[in-house]
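A short write-up of the structure that comes next.
Lettering of chains follows the sequences in order, A, B, ..., and the numbering in each one begins at 1.
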2 protein chains.
Amino acid sequence: MTVDAVVFGYSRMDGVSLLLIKRKYDPFKGSWAIPGGFVLDDESLEDAVERELQEETGLRINYLEQLYTFGKPERDPRSRIVSVAYFGLVKSTQFQKLRATTDAEEAAWFTFKKLPKLAFDHKKILNVSIERLRGKITYQPIGFELLDKKFPFSDLEHLYGSLLGRPIDRRNFKKKVMSMGILDELDEKAKSTGAGRPGSLFQFNKATYDRLLKNGMHFEI
Amino acid sequence: MTVDAVVFGYSRMDGVSLLLIKRKYDPFKGSWAIPGGFVLDDESLEDAVERELQEETGLRINYLEQLYTFGKPERDPRSRIVSVAYFGLVKSTQFQKLRATTDAEEAAWFTFKKLPKLAFDHKKILNVSIERLRGKITYQPIGFELLDKKFPFSDLEHLYGSLLGRPIDRRNFKKKVMSMGILDELDEKAKSTGAGRPGSLFQFNKATYDRLLKNGMHFEI
DNA sequence: GCAAAAGTGTTGGGCCTACACCCATGC
DNA sequence: GCATGGGTGTAGGCCCAACACTTTTGC
């Protein structure tokens, strides 16, 4: 029994990126792989994921959900190993921090366009994750988990645009999101990035979202 | 490592029902439980589910997908056992057939209103399944997997009505489903049930559905 | 003929899409 | 002042929800 964690991060520069580690031991020593490892006898699957991520990358994730369990008898060359894959998101602020420790020579972020070859069946696991992420952002407000606590509206727009792979109409998108009433507009402007007019900062209001959910509200982009 | 299979069936009489077995051995000997068992060393998780179902109930399922993996250390009193739960649907024709064999004294269908107390954490597994089923029928055409190959339109309507727990407008529902173009109307009438006018029979056209999917069609009820 | 279920259209309102110009800032 | 990105409103069309009477069958 192992757990693996497909962790996504986001930055305005690079768009959505994937967290990988370089394997320090055989099999696949030196290959890039999704972080993960064996589940201890007395820990839950979620605890195992968070422990492994902490050990291998030093990152603390912000959102975690179970993705899928991969159990083909031949998926690991050592022996029969079933892996429960999780799907995680980190806030943009955490995006830079990375620390290499005992189980991995290195950990790094990769954009989808510059992915290295992955160990085991991790490419397959990644594909399932990307599909899940793409699907899920349209009916659950998980996009906010990738942004800072306070963010300019254009960050959200760029995130959705890059994930959905199609241009988004700025006016319509903002109208739709704001009409849900789950974003608070702050009395604060983003600091200028050197070009263009700074926008207001926004903040996801989870309390309001939960309340609206209970009353039958339906998030959809 | 075990697998468990939450299997749903449907009949016009009883609505949606759940397949359970009576446990023949400890722990929970004599309790009703979701069918399942240990995964063999050289078989895939899916093969294990189908084998266990065949052994315990004699039923062959028509639709199977992975649901969730339950791995709390304390979920099984014997030892640390992680269970991959699957979610299955059987056609209405298969609904009656049941055979009790080696691992279970008995196997039977239960409606949600008459559920017995379940072994292990199976109640929790069931709840996740029901949620998945309710959610999924609105955006994937899995409802047809519960009906016969040929069915009167009202069966589909009753199925959706009972799963969604709200009345369905017959005219609007039929308009919507038929406009997707994934149902063929046959030159054949349902045999009379003793009351009311018999309706035409319909058949789900998977080939058409797959073709439309590729072209970006979006199933939604 | 009566009870039970199947079949069938229209309309009004709301929502979604398409679309372009001005504003604030840094250099 | 110019380049860059932020902010904003409207109109037309489409889709969806609401709604009731007639037809066929068994008894």
When you look at V84(B) and V84(A), which way does the side chain to side chain contact (heavy atoms under 4.5 Å, CB included) test go after all the steps?
CA-CA 9 Å; V84(B) 184; V84(A) 184; over 6 Å; no
State which residues pass side-chain contact (heavy atoms from CB on, under 4.5 Å) with S31(A); sequence neighbours excluded, sorted by chain then number.
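S31(A) satisfies side-chain contact (heavy atoms from CB on, under 4.5 Å) with F28(A), A119(A) only.
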Might you list the N or O atoms of the protein lying below 3.5 Å from N or O atoms in nucleotides 23-27 of chain C, with each pair's distance?
from    : atom 1 : to      : atom 2 : distance (Å)
dC23(C) : O2     : R197(A) : NH1    : 3.3
dA24(C) : O4'    : R197(A) : NE     : 3.3

Scan for salt bridge (Lys or Arg N to Asp or Glu O under 4.0 Å) pairs involving [range], sequence neighbours excluded, and state none if there are none.
range: residues 168-177 of chain A; answer: none
range: residues 107-117 of chain A; answer: none
range: residues 195-213 of chain A; answer: K206(A)-D210(A)
range: residues 122-132 of chain B; answer: E65(B)-R132(B)

Quick check on contacts: within residues 146-154 of chain B, what sits under 4.0 Å from DNA chain D by heavy-atom distance?
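Close to the strand, none.
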Contact residues, residues 138-145 of chain A to DNA chain C [heavy atom, < 4.0 Å]:
none
I want to check something: taking the side chain as every heavy atom from C-beta on, are L126(A) and I130(A) in contact at a cut-off of under 4.5 Å?
yes
Beyond-backbone contact of F110(A) with W32(A), side-chain heavy atoms, under 4.5 angstrom
yes
Who pairs with F87(B) by ring-ring contact (aromatic ring centres under 6.0 Å, His included), at least two apart in sequence or on another chain?
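Expected list: F8(B).
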Begin from the C-alpha positions of I182(B) and F219(B) and carry the test side chain to side chain contact (heavy atoms under 4.5 Å, CB included) through to its verdict.
CA-CA 10 Å; I182(B) 56 178; F219(B) 181 94; 3.8 Å; yes
Please find the earliest and latest nucleotides of DNA chain D, in the 5' to 3' direction, that have an atom within less than 4.0 Å of any heavy atom of chain A.
dT4(D) to dT10(D)
Nearest non-hydrogen partners of V7(A) and W109(A), listed with the distance:
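Shortest heavy-atom separation between V7(A) and W109(A) comes out as O-CZ3, 3.7 Å.
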Could you list the donor-acceptor pairs under 3.5 angstrom formed by side chains in residues 144-157 of chain A, with sequence neighbours left out?
from    : atom 1 : to      : atom 2 : distance (Å)
E145(A) : OE1    : N62(A)  : ND2    : 2.9
D148(A) : OD1    : T93(A)  : N      : 2.9
K150(A) : NZ     : E188(A) : OE1    : 3.2
D155(A) : OD1    : R12(A)  : NE     : 3.0
D155(A) : OD1    : R12(A)  : NH2    : 2.9

Within the side chain of H122(B), is there an N or O that forms a donor-acceptor pair under 3.5 Å with the backbone of I34(B)?
yes
So, OP1 or OP2 of dG7(C): does either fall under 4.0 Å of a side-chain N or O from S200(B)?
yes
In whole Å, what is the span from the CD atom of E157(B) to the P atom of dT8(C)?
13 Å
Close N/O contacts between protein and nucleotides 10-17 of chain C (under 3.5 Å):
from    : atom 1 : to      : atom 2 : distance (Å)
dT10(C) : O4     : K175(B) : NZ     : 2.9

